[in-house]
Number of protein chains: 2
Amino acid sequence: MILLIHAIVRIKMSQNNLDAIDRQILTILQRDARLPNTELADEIGLTPAPTLRRVRRLEEEGIIQRYVALLDHKKVGRGLLVLVRVTLDKQTRQGFNDFATQMQARPEVLECYLCLGDIDYLLKVSMPDLDAYQHFLVNTLAAIPGVRNTASTILVKQEKYTTSLPLE
Amino acid sequence: MILLIHAIVRIKMSQNNLDAIDRQILTILQRDARLPNTELADEIGLTPAPTLRRVRRLEEEGIIQRYVALLDHKKVGRGLLVLVRVTLDKQTRQGFNDFATQMQARPEVLECYLCLGDIDYLLKVSMPDLDAYQHFLVNTLAAIPGVRNTASTILVKQEKYTTSLPLE
DNA sequence: CATGAATGAGCAATATCATTGCGCGAATGC
DNA sequence: GCATTCGCGCAATGATATTGCTCATTCATG
């Protein structure tokens with residue numbers, strides 16, 4: 001029983017109580033996920049063994065969700081980025097779920113958010129060019145039942161892009 | 001001289017001519033950047049040596065830009081995501097550069113785009129909570145000279161988030 | 001205070017993995 | 001058809017990750 005309470009306390013704490021070393025690790029791995037553990041250990045001033053154990057713990061706790069490679073959009077033929085604001089017709093819960101499910105299935109939709117305000121959904125869509133986007137808009141988005149209105153904004157220049165969250 | 005021409009041709013081709021194996025590699029590494037080279041080799045049906053050489057080539061060509069760890073926003077105390085539309089006052093080139101530069105320096109601004117349409121800039125901002133966001137809006141954004149107007153949209157639920165570009 | 005439990009670091013041995021040079025075969029150009 | 005290029009596989013080497021163990025430090029408790 002006491003063990004259980006201890007376990008609960010530890011889980012709760014571990015989700016928010018990152019110590020300075022944890023934050024260092026996360027900051028570095030957000031910048032370079034492939035840094036060898038030995039070098040990571042050097043940078044934070046620990047030996048490789050405890051460093052690796054901390055990384056594994058952060059992974060298991062889901063604080064580190066995954067490691068990904070970021071590609072050059074233009075060089076893989078996806079130079080066009082569009083933000084789409086979508087308004088749905090009937091604001092029933094079912095309609096919302098359907099829409100989100102369809103967006104999850106479309107690989108060109110990189111991000112999809114339910115949002116507050118005068119619109120319902122926000123999409124970030126990756127496309128090769130305007131032709132392809134127009135095709136997506138007409139044949140995919142507008143074809144979804146319940147979509148009342150869409151407004152597109154072409155993101156001309158990416159001034160900043162990072163996936164790194166600041167860790168106080 | 002002929003060597004130079006060859007080099008130029010190869011660079012140009014390499015930027016767009018990804019073969020099927022390259023695309024397989026990129027697709028996998030976009031999903032799991034830490035997959036050991038031996039397993040990557042298994043999945044694509046090559047031996048480790050040529051697999052690694054392809055990965056290195058993709059890195060050198062800048063097709064793979066970098067490897068990053070993605071964190072759980074809530075678990076690191078950044079549960080609030082906001083999209084901000086910014087309109088600038090004077091649309092001189094200098095004003096635009098200044099704004100972009102300031103955004104690049106702010107760690108809570110994850111993305112910043114110059115865009116077409118009725119607004120000038122789009123920001124994706126990561127925040128701990130509404131208090132912090134209000135502070136950012138008043139003391140940081142509104143304090144920048146040239147910012148005429150801002151409109152914020154709170155992204156309530158992340159239905160989809162991926163950094164993986166589809167590779168035809 | 002002293003003491004015992006718990007947490008987390010370091011060390012060292014082992015297993016896994018990355019890296020490189022070399023030879024071979026298939027595709028390409030002349 | 002022959003030479004050249006390109007990219008694969010093999011094998012040896014070096015680097016790196018991983019694990020069990022021991023020890024120091026901290027913190028709660030008698």
Side-chain angles (χ1 to χ4, degrees), chain A residues 1-69 167, chain B residues 1-64 66-69 75 167:
Chain A
M1 182 52 182
I2 289 181
L3 272 177
L4 179 61
I5 293 174
H6 269 210
I8 291 172
V9 169
R10 284 198 41 217
I11 290 170
K12 284 205 172 178
M13 288 185 45
S14 66
Q15 286 186 351
N16 259 328
N17 284 9
L18 301 169
D19 66 16
I21 297 177
D22 288 334
R23 288 196 295 271
Q24 260 186 293
I25 291 175
L26 293 173
T27 300
I28 293 170
L29 290 182
Q30 283 191 107
R31 192 165 7 94
D32 180 7
R34 279 204 150 182
L35 193 70
N37 185 56
T38 48
E39 294 179 32
L40 176 61
D42 275 352
E43 284 201 42
I44 65 176
L46 250 57
T47 52
T51 304
L52 186 64
R53 277 189 278 254
R54 276 174 181 265
V55 171
R56 292 283 174 267
R57 200 200 67 222
L58 293 167
E59 289 169 2
E60 276 158 24
E61 287 170 353
I63 294 169
I64 295 176
Q65 289 190 322
R66 46 204 239 272
Y67 303 98
V68 302
L167 303 175
Chain B
M1 182 52 183
I2 288 180
L3 272 178
L4 179 61
I5 292 173
H6 269 210
I8 291 172
V9 168
R10 286 202 37 218
I11 289 170
K12 285 204 173 180
M13 289 185 46
S14 66
Q15 286 186 350
N16 261 326
N17 285 9
L18 300 169
D19 66 16
I21 297 177
D22 288 334
R23 287 196 295 271
Q24 260 187 292
I25 290 175
L26 293 173
T27 300
I28 293 170
L29 289 182
Q30 283 191 109
R31 190 164 6 95
D32 180 7
R34 279 203 150 181
L35 194 70
N37 185 57
T38 47
E39 293 180 32
L40 176 62
D42 275 351
E43 284 201 40
I44 65 176
L46 250 57
T47 52
T51 305
L52 186 64
R53 277 189 278 256
R54 276 174 181 266
V55 172
R56 292 284 173 266
R57 200 200 67 223
L58 293 167
E59 289 169 2
E60 277 158 24
E61 287 170 352
I63 293 170
I64 296 176
R66 46 205 243 273
Y67 303 97
V68 302
K75 289 182 180 169
L167 303 174

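Letters go in sequence order (proteins before strands), and every chain restarts at 1.
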Inset, instruction - Round to the nearest Å and state the distance from Asp42(A) atom CG to dA9(C) atom P. - result: 15 Å
Legend entry - Atom-to-atom span, CD of Glu59(A) to C1' of dT18(D) - whole angstrom: 13 Å
Atom pairs and distances, side-chain donor-acceptor, residues 27-35 of chain A, under 3.5 Å, sequence neighbours left out:
residue, atom, partner, partner atom, Å
Thr27(A), OG1, Arg23(A), O, 2.8
Gln30(A), OE1, Leu165(A), N, 2.6
Gln30(A), NE2, Leu165(A), O, 2.9
Asp32(A), OD1, Arg34(A), N, 3.0
Asp32(A), OD1, Leu35(A), N, 3.4
Arg34(A), NE, Ala33(B), O, 2.8
Arg34(A), NH2, Ala33(B), O, 3.1

Legend entry - Side-chain heavy-atom pair Asp22(B), Leu167(B) within 4.5 angstrom cut-off: no
Legend entry - Gap separating the CD1 atom of Ile25(A) from the CG atom of Leu18(A), nearest 0.5 angstrom: 10.0 Å
Legend entry - Between dG10(C) (P) and Arg54(A) (CZ): distance, integer Å: 10 Å
Legend entry - Residues in contact with DNA chain C, drawn from residues 22-32 of chain B - heavy-atom cutoff 4.0 Å: none
Legend entry - d(CD1, Ile21(A); P, dG8(C)) in whole Å: 10 Å
Legend entry - Minimal non-hydrogen separation, Ile63(A) against Leu26(A), with atom names: CG2-CD1, 3.8 Å
Close N or O pairs between protein and nucleotides 14-22 of chain C (under 3.5 Å):
residue, atom, partner, partner atom, Å
dA18(C), OP1, Asn37(B), N, 2.7
dA18(C), OP2, Asn37(B), N, 3.0
dA18(C), OP2, Thr38(B), N, 3.1
dT19(C), OP1, Arg56(B), NH2, 3.1
dT19(C), OP2, Arg56(B), NH2, 2.3

Inset, instruction - Name all pairs fulfilling the side chain to side chain donor-acceptor pair (under 3.5 Å) condition that reach into residues 38-53 of chain B, sequence neighbours left out, sorted by first residue then second. - result: none
Inset, instruction - To the nearest 0.5 Å, tell me how far Lys75(B) NZ sits from Gln65(A) CD. - result: 7.5 Å
Legend entry - Straight-line distance of Ile21(B) CD1 to Leu46(B) CG, nearest 0.5 Å: 5.0 Å
Legend entry - Bend angle of the helix from dC1(C)-dG30(D) to dC30(C)-dG1(D), from helix axes over five pairs at each end, nearest 10°: 40°
Legend entry - Qualifying residues under side chain to side chain donor-acceptor pair (under 3.5 Å), relative to Arg56(A), sequence neighbours excluded: Glu59(A)
Inset, instruction - Starting from P on dA27(C), measure out to CG on Asp19(B) and report it in whole angstrom. - result: 14 Å
